[in-house]
Amino acid sequence: MEGGLGQSYSEANKSRVLDVKPLRCWAPVFPKSPQSPLLPNSASLGSSQLAFNAFYPSTVLPGSDELNHPAAAANGGSQNGFFPFGNPGGPPSAAAPAPIRSYKSSEPTPAVVTQDHGASNGDVGGSLQIDRSDNASGSVKRKRTVLSFDGKSESRKNLVCLDTSQREEGSAEIVEYVRMMFDAVRRRLSQLEEAKEALISLKKRPDLKAGSILMSKGIRTNMIKRTGTVPGVEIGDIFFFRMEMCLVGLHGPCMAGIDYLTCKGNSEDEPLALSIVSSGVYDDEAEDKDVLIYTGQGGVRKKQVVDQKLEKGNLALERSLQRANEIRVIRGMKDLMNPSAKVYVYDGLYKVQESWTEKGRTGGNIFKYKLVRIAHQPSAFSIWKSVEKWKHGFGSRVGLILPDLASGAENLPVSLVNDVDNDRGPSYFTYFPSVKYSKPYTSTTLRLGCNCHTCTPGDLNCCCIRKNDGDFPYLASGVLVSRRPMLYECSPLCPCFPNCKNRVSQTGLKFHLEVFKTTDRGWGLRSWDPIRAGAFICEYAGEVVDKLNLKRKSERDDYIFDTGQHNQNSLKWNYEPALLDEEKSGECTEDYEIPVPLTISAKKIGNVARFMNHSCNPNIFWQPVMYEHNSEPFLHIAFFAIKNIPPMTELTFDYGITPMVSHQAHVSDTADGKKKCLCKSANCRGYFR
DNA sequence: GCGGACTCAATTAT
DNA sequence: CATAATTGAGTCCG
């Protein structure tokens, strides 16, 4: 889509920021815009900063039509960076300005060149417009770099490519797609590496490798550097790898802590800070929820005592103090679930309030910058601080009804909280952490156990691994790598220890969960802890019921989970084998294979899963898991995280077409038995059964 | 079991 | 186009 509206918009915006030659001031053209993705919030700037905002070099204006772009875009306040004006499917602007190379990362080489799409801008509420490379069309442009894939283009049908404008400017859907893809590839690379570990110890970095692959294939977005908000990235979003922030354009450098933009073409260098990561390498003061004392870069890890220099990131922060532009702040901290790793929280926009130098611990002079959080932003880091307090018992949890709803039945307490109304709890039920069968699941009795004492990834002698297509389904960190038709876990029949890594769904809760009262959807479930994509949440506990009997009884049961009627078909979660040059198309299916349908009722007995609400844009999926009790195989329904989930975010899954609704009267029944959906997601289907 | 030293990384600005 | 600068995430060792 070169020359499309999105691009010319971006180019124009870019130029506004970058070219600050005073004599070409178009001040009246440029309105105030808190949402404008590229510029500091002019409303909150002093007069000196206004001058900076207003410059709009006429040289990049392709035509009089383009004059409207900044104003329209800014006034529209489009959250996702879409164009709220113009002809959505309109012809590409032939006069789009030439890209300014120094402000855009170099163009990646798509593995498969994308096909032209009719309308790639403009449909604000629409689905992510991604190209499926069928390479059937004659209009497909091929570059020479494609050749390594030419022989196997058949197996690459599912690879989704982003077009130029999608790589330059993101949206919620594009960002989500990139993040899902990144983690799916990373998990697969980790899985391959862990399987090899038995033979050779390769210290590879799956996170870097996954990032590198996606970069080279153009699966990234928000490549145009900008100050302020990044379309599709929300305050509070969490990341487990630096690469991930790099791919979605939140923070460009994969290592350095300060991202900045240099105003090239200007005689004097005027770098501007865009985002910073505070992660503990330097002696930052990051305890206050709204103030961050950030240390400049340089001088650390040097053999001799070195003074930091006022250049690059340090200079950029200094200039940003003068310009008073918004700076994205990402706070990194130790991941308590995985102490050797880190987790990064996007904490929104800050401004540099003052700067000074002082003597660092190692003796050299260092720069310090005091950043203050801009008011009235959604809370992010402060939620983490609150959770920390609740966990340590200081500070009372507002609205706490019960410290442990499960009364000790789980290995972690489950809080019951209501801070919205006077409801003192859900209706009575018995807490039970697993599924109760009254008769065998299947008529056949199979010995399914393996013979290992320690099931080791890559060991194909382990028949539990063989049943999972030869892959150890979980990583050492406990996350699931891929959805599969059926997941086979080790069981009491296996001689391996109960802490075997292939028993993830049997080992209880991993996160401190909370059942809480929502404002309009009854009771819901959320977690105090951050959750990684692929992490196990809980299983669907309850009584296995006979579906036919259930229908006859006509007694209302809103707590039914039914494998036969669920539908997660729209979810594509697994890695794309073609990205890793794997010929594995058939085995990578995400269609479930349920040998015998299973219906579970959590009305009388159940666990936390019975409180999970429906969403058309869920963060949890369910996966059938098979293992044995008393020498007989039983089917369980296990829930895993689709994406990284920040603390205190409601956990939801897609009820699909199941006749199950949440237990509360938060849905209004329509004539045909459908329930009105209140999930509020952009792609909400409106109703579910 | 933890912290420090050391090592290997990918990307981007220069 | 090569190179320097950046520091996350491992490993190793005391």
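Just so we're on the same page: letters track the sequence lines, and every chain starts at 1.
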Please state how far atom CZ in F241(A) lies from atom P in dG10(C), giving the value in whole angstrom units.
7 Å
Presence of S212(A) side-chain N/O under 4.0 Å of dT11(B) phosphate oxygens OP1/OP2:
yes
Could you tell me whether R187(A) sits above the aromatic face of W573(A), with NZ or CZ closer than 6.0 angstrom to the six-membered ring centre and within 45 degrees of the axis?
yes
Here the distance between atom P of dT12(B) and atom CZ of R220(A), to the nearest Å, is 5 Å
Given atom CG of L208(A) and atom C1' of dG8(C), what is their separation to the nearest angstrom?
8 Å
Go through the structure and list residues passing salt bridge (charged side-chain N to carboxylate O under 4.0 Å, His left out) with D335(A), not counting sequence neighbours.
R532(A)
Taking atom C1' of dT7(C) as reference, at what distance in whole Å does atom CD of Q297(A) sit?
10 Å
May I ask you to decide if the ring planes of H512(A) and W528(A) are parallel, tilted or perpendicular, using 30° and 60° as cut-offs?
parallel
Between dA10(B), dT6(C), dG8(C), which one does the side chain of C254(A) approach most closely?
dA10(B)
Among dT6(C), dA13(B), dG8(C), which nucleotide has an atom closest to any side-chain atom of Y344(A)?
dG8(C)
If you assign S340(A) and G298(A) each to the DNA chain C nucleotide with the nearest heavy atom, which residue ends up on the more 5' nucleotide?
G298(A)
On the six-membered ring of Y575(A), is R186(A) placed so that its NZ or CZ lies under 6.0 angstrom from the centre and within 45° of the ring axis?
no
On DNA chain C, more 5' by nearest nucleotide between A341(A) and K309(A) is K309(A)
Closest to the 5' end of DNA chain B, once K209(A) and D259(A) are matched to their nearest nucleotides, is K209(A)
Between S279(A) and dT7(C), is there a side-chain N or O to OP1/OP2 distance below 4.0 Å?
no
Verify whether one side chain among D284(A) and T295(A) offers a donor that lies under 3.5 Å from an acceptor in the other.
yes
Hey, is the side chain of R205(A) poking within less than 4.0 Å of OP1 or OP2 on dA9(C), counting only N and O atoms?
no
Remember a base hit wins even if backbone is also touched, and classify K312(A) as base, sugar-phosphate or nothing at under 4.0 Å, heavy atoms.
sugar-phosphate
Residue met sooner reading DNA chain B from 5', once Y260(A) and K334(A) are mapped to nucleotides
K334(A)
